[in-house]
Undergrad: 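Below is one structure. I have some questions about it.
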There are 2 protein chains.
Amino acid sequence: MNTLAEENYLKSIYHLSLNDSNVSTNQIAAALNTKAASVTDMLKKLADKELINYAKYQGVTLTSAGEKVALHIIRKHRLWEYFLVEKLHFKWDEVHDMAEEMEHISSVELTDRLDKFMDYPKHDPHGDPIPDRDGKFKKNELQPITALQVNESGIISGVRDHSALFLQYLEKQQLTIGKKIKVTEIIEYDQSMILEVEQTKIHISREAAKNLLIVI
Amino acid sequence: MNTLAEENYLKSIYHLSLNDSNVSTNQIAAALNTKAASVTDMLKKLADKELINYAKYQGVTLTSAGEKVALHIIRKHRLWEYFLVEKLHFKWDEVHDMAEEMEHISSVELTDRLDKFMDYPKHDPHGDPIPDRDGKFKKNELQPITALQVNESGIISGVRDHSALFLQYLEKQQLTIGKKIKVTEIIEYDQSMILEVEQTKIHISREAAKNLLIVI
DNA sequence: TAAAAAATTTAGACTTGTCTAAAAAATTAT
DNA sequence: ATAATTTTTTAGACAAGTCTAAATTTTTTA
């Protein structure tokens, strides 16, 4: 099997791949809070195990074996987050670090039974889709609310920023998953938005708006 | 915090301390499937951290700080075992290895909420007591059934051997936790015992009997 | 397109936890 | 009580994963 460090590298590479097809050494170093030299060492190891495609100076992509490992870790992460929120009643901003540990529990049987225990949830508490045991999941058709014009509506369905700070801010503003929002005004000066949520008006910056995802 | 290896050493030392007040290097090496030289190295490290009392060649005992750590790991192990059996419907012989991983999940808050979620179980699926958050628990007043005379009865409440092999054997013989048993005969030749469990007679070796624990 | 800047890799070192082989201490047996 | 045996520790080495500093490659910019 793979070490804890290897698993964390694969997971980071997967996440970074969603934005850039070739992931650079420095991006990985930043994501994992480590140094580029350490990343290079690990990339060689992962390439030897045929979990990534790596050519010096050219960045990396996951092989299908590597993607499979990454998706299984992400599956576990999201299932445990769901468990922590739905069964143990943690708040959505409290579960990330715990799930970072729990995602490394290895038993596949345990993961599948946990999935069944919770009745096969499709999304974690932040709206991210939970891969099934084969790593398959529907790609989210989510857009940032900055895609909306005045008077258009959507349903809050995810976030781009998973930091506790942002999640707590959203919670305080009642901007939680499932809520219906309507854009009532876009301030020309700074592109900040005024939203209507359950009859109340909420003013959010463009910065925040970019990180709040909806389905239309 | 403590590393995974340190936690495993403390846990082993705790368990071994129940039989011998001073635990030897070789005992620990056997329990952890490692070499005596490795144990000596780790003992120095744990002594530096004041988690054990260690004097060369004299064996070790846990300090109260070390015992606290050990009991917290044991608490987590037993709570997760209970979860796996009661919520995910694993069998009692399947959960040990999974719990070995899960016992290292660090969050105290998570542990306490898990405890609450399951309504504060007092014993794990093998009858071992679950320490509370302060590490306190009632010492089991359990005896091996070899302590019984002919015609005496007891209730199966624990096991001394936690191996899957022994647990599966017990399961097959209907010798599970909570069952009432009565000794109907002790064979003089080999000290094996004939038990009555729910109107059926079961013949078990003295070897097995020593590992099956009851309350009277 | 050549120089400067940025990104990446290499070289060499450190820590943790492990190992084997040899030395030292403790125990046991004669 | 001394020799033989067993247990434990020390010495030196190794793998994993990380680091800093220096070298190399790629990219940017003038």
Side-chain angles (χ1 to χ4, degrees), chain A residues 1-17 19-62 66 69-70 73 100-101 103-104 106, chain B residues 1-17 19-62 66 69-70 73 100-101 103-104 106:
Chain A
M1 249 299 87
N2 306 301
T3 66
L4 200 138
E6 287 169 349
E7 290 194 350
N8 285 331
Y9 273 87
L10 291 171
K11 184 175 52 134
S12 280
I13 294 167
Y14 178 88
H15 286 308
L16 293 166
S17 297
N19 300 316
D20 308 85
S21 61
N22 267 51
V23 179
S24 74
T25 302
N26 265 359
Q27 282 179 296
I28 298 168
L32 290 174
N33 229 306
T34 183
K35 296 297 150 78
S38 310
V39 174
T40 300
D41 290 343
M42 182 59 92
L43 294 184
K44 287 178 192 163
K45 204 174 308 177
L46 292 172
D48 283 348
K49 296 180 86 170
E50 302 192 40
L51 294 165
I52 60 170
N53 304 114
Y54 170 57
K56 274 196 210 177
Y57 297 100
Q58 306 306 299
V60 298
T61 57
L62 291 175
V69 174
I73 298 161
E100 288 287 289
E101 291 183 57
E103 72 192 5
H104 301 290
S106 58
Chain B
M1 248 301 85
N2 306 301
T3 66
L4 200 138
E6 287 168 349
E7 290 194 349
N8 285 332
Y9 273 86
L10 291 172
K11 184 175 53 131
S12 279
I13 294 166
Y14 179 86
H15 286 309
L16 293 167
S17 297
N19 298 319
D20 307 85
S21 61
N22 267 52
V23 179
S24 75
T25 301
N26 265 358
Q27 281 179 297
I28 298 168
L32 291 173
N33 228 306
T34 183
K35 297 296 150 76
S38 310
V39 174
T40 300
D41 289 343
M42 182 59 92
L43 294 183
K44 287 179 192 163
K45 206 175 305 177
L46 292 172
D48 283 348
K49 296 179 87 170
E50 301 191 38
L51 294 166
I52 60 170
N53 304 114
Y54 171 56
K56 272 195 209 176
Y57 296 101
Q58 305 307 297
V60 299
T61 57
L62 292 174
V69 173
I73 298 162
E100 288 286 289
E101 290 183 57
E103 72 191 5
H104 301 289
S106 60

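Computed over heavy atoms, backbone and side chain alike; hydrogens, waters and symmetry mates excluded. Letters A, B, ... mirror the listed sequences (proteins, then strands); counts begin at 1. All figures in this text were calculated on a predicted structure; none of them were measured in a lab.
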Undergrad: Which residue in the set N53(B), N22(B), D20(B) passes side-chain hydrogen bond (donor to acceptor under 3.5 Å, both in side chains) when paired with T61(B)?
TA: N53(B)

Undergrad: Of the nucleotides dG17(D), dC19(C), dG17(C), which has the atom closest to the T3(A) side chain?
TA: dG17(D)

Undergrad: Can you tell me if the side-chain N/O atoms of T34(B) get under 4.0 Å from OP1 or OP2 in dG17(C)?
TA: no

Undergrad: Return the value, rounded to whole Å, for the distance between atom CG of D41(A) and atom P of dG12(C).
TA: 14 Å

Undergrad: Give a yes/no on whether any side-chain N or O of Y54(A) is located under 4.0 angstrom from OP1 or OP2 of dT8(C).
TA: no

Undergrad: How far does CG of L62(A) sit from CG of L16(A), to the nearest 0.5 angstrom?
TA: 10.0 Å

Undergrad: Just to confirm, is there a sub-4.0 Å distance from OP1 or OP2 of dT18(C) to any side-chain nitrogen or oxygen of K35(B)?
TA: no

Undergrad: Is S17(A) reaching over with its side chain to a backbone N or O of I13(A), donor-acceptor style, under 3.5 angstrom?
TA: yes

Undergrad: Output yes when at least one side-chain N/O atom of Y9(A) is less than 4.0 Å from OP1 or OP2 of dA16(D), else no.
TA: no

Undergrad: Mark yes or no for whether T40(A), through its side chain, and A36(A), through its backbone, hold a donor-acceptor pair below 3.5 Å.
TA: yes

Undergrad: Are I52(A) and V23(A) close enough that some pair of their side-chain heavy atoms sits under 4.5 Å apart?
TA: no

Undergrad: Are more than 12 heavy atoms, taken from residues, nucleotides or ligands other than E100(A), located less than 6.0 Å from that residue's CD atom?
TA: yes

Undergrad: For DNA chain D, what dot-bracket results from Watson-Crick or G-U pairs at under 3.5 Å, with [ ] for crossers and | for inter-strand partners?
TA: ||||||||||||||||||||||||||||||

Undergrad: State which residues pass side-chain hydrogen bond (donor to acceptor under 3.5 Å, both in side chains) with S24(A); sequence neighbours excluded, sorted by chain then number.
TA: Q27(A)

Undergrad: What is the distance, rounded to the nearest whole Å, between atom NZ of K44(A) and atom C1' of dT18(D)?
TA: 14 Å

Undergrad: What is the distance, to the nearest angstrom, from the CD atom on E7(A) to the P atom on dA16(D)?
TA: 16 Å

Undergrad: Rounded to the nearest Å, what distance is computed from the CG atom of residue L46(A) to the P atom of nucleotide dG17(D)?
TA: 9 Å

Undergrad: Would a 4.5 Å heavy-atom cut-off, applied to side chains only, mark H104(A) and E101(B) as touching?
TA: no

Undergrad: Look at N26(A) and dA6(C) and indicate whether a side-chain polar atom (N or O) is within less than 4.0 Å of OP1 or OP2.
TA: no

Undergrad: On DNA chain D, does the nearest nucleotide to K56(A) precede the nearest nucleotide to S38(A) from the 5' side, or the other way round? Give the residue.
TA: S38(A)

Undergrad: I need the CG-P distance between D20(A) and dA7(C), as an integer number of Å.
TA: 14 Å

Undergrad: Which is true for T25(B) with a 4.0 Å heavy-atom rule: it touches a base, it touches only sugar-phosphate, or it touches nothing?
TA: sugar-phosphate

Undergrad: Rounded to the nearest angstrom, tell me the gap between atom CG in L4(B) and atom C1' in dT18(C).
TA: 14 Å

Undergrad: Taking CG from L43(B) and P from dT16(C), how many angstroms apart are they, rounded to a whole number?
TA: 16 Å

Undergrad: Within the structure, does a side-chain N or O atom of Y57(A) lie under 4.0 Å from either OP1 or OP2 of dA23(D)?
TA: no

Undergrad: What is the separation between atom CD on Q27(A) and atom C1' on dT26(D), rounded to the nearest whole Å?
TA: 16 Å

Undergrad: Between Q58(A) and A37(B), which is nearer to the 5' end of DNA chain D once each is assigned its nearest nucleotide?
TA: A37(B)

Undergrad: Between dG17(C) and K45(B), is there an OP1 or OP2 to side-chain N/O distance shorter than 4.0 Å?
TA: yes

